[in-house]
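So you know, we letter chains A, B, ... as the sequences are listed, proteins then strands, and number each from 1. Since the model is a prediction, treat every value here as computed from it, not as a measurement.
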Amino acid sequence: AQSVTQPDIHITVSEGASLELRCNYSYGATPYLFWYVQSPGQGLQLLLKYFSGDTLVQGIKGFEAEFKRSQSSFNLRKPSVHWSDAAEYFCAVGGWGDMRFGAGTRLTVKP
Amino acid sequence: NAGVTQTPKFRVLKTGQSMTLLCAQDMNHEYMYWYRQDPGMGLRLIHYSVGEGTTAKGEVPDGYNVSRLKKQNFLLGLESAAPSQTSVYFCASSVDRGSGNTIYFGEGSWLTVV
């Protein structure tokens with residue numbers, strides 16, 4: 001079965017600094033990959049997804065992610081973090097019906 | 001724009017009681033899911049459905065049952081609640097292959113078992 005690992009439980013960055021959140025996956029075929037964001041007490045919002053084509057995908061709120069098949073990774077990046085980006089971020093992988101999520105990375109943004 | 005709607009949003013149960021969480025989606029999606037979210041463990045898939053009348057087990061199915069009698073509804077049942085089932089439950093749905101199976105989530109149901 002597929003699985004997702006997010007190695008960093010908690011990351012703190014200063015406002016305006018760059019951000020990279022790591023995601024590694026295990027999947028038997030070409031994966032569908034996603035990043036979601038969750039603000040406290042809320043549901044999950046899709047940031048971006050990859051399922052074919054260009055391995056660098058652009059999402060909402062200035063986020064991007066790069067699919068690297070050789071490394072089984074799908075890391076999320078943002079050039080300049082805003083205080084409103086503080087939230088929990090989840091990477092997900094799956095095919096049809098069986099979608100698996102990582103444990104999440106909590107992002108704190110320092111002024 | 002209702003999207004995915006879960007009821008109830010909050011519930012407190014006593015150990016051994018039963019209850020059903022209802023999920024409804026108005027997007028005509030084929031796939032529906034129930035996840036539970038616990039601190040430090042992310043979202044774990046309980047059960048899912050790939051169409052009306054179908055269900056399948058996810059990562060943590062024990063202690064839960066589901067039914068998908070109508071395409072728009074996906075019910076999650078707890079027959080005999082246990083404190084270990086205290087969690088936040090999220091229902092989700094997704095559309096067809098052409099859109100890359102983006103999952104849309106409900107707002108969550110907070111369940112406490114005492």
[atom1] of [X]: more than 12 outside heavy atoms within 6.0 angstrom?
X	atom1	value
B/E79	CD	no
A/I60	CD1	yes
A/E66	CD	yes
B/K9	NZ	yes

Interatomic distance, OH@B/Y35 vs CZ@A/F90, rounded to 0.5 Å, equals 12.0 Å
Under 4.5 Å from any heavy atom of chain B - which part of A/L44: both
Would you mind checking which part of A/Q38 comes under 4.5 Å of any heavy atom in chain B, side chain (CB onward), backbone (N, CA, C, O), both or neither? side chain
Cluster membership besides B/L22, Ile/Leu/Val/Met/Phe/Trp/Tyr side chains within less than 4.5 angstrom, sorted by chain and number, is B/L75
Kindly give the heavy-atom pair with the smallest separation between B/G40 and A/A103, and that separation in Å. O-CB, 3.7 Å
Is there a donor-acceptor pair closer than 3.5 Å between any side-chain N or O of A/Y36 and the backbone N or O of B/I103? yes
Can the ring centroids of B/F105 and A/F34 be said to lie less than 6.0 angstrom from one another? no
Does any pair with a residue in residues 32-83 of chain B pass disulfide bond (SG atoms under 2.5 Å apart), and if so which ones, sequence neighbours excluded? none
Is it the side chain or the backbone of B/E59 that comes within 4.5 Å of chain A heavy atoms, both, or neither? both
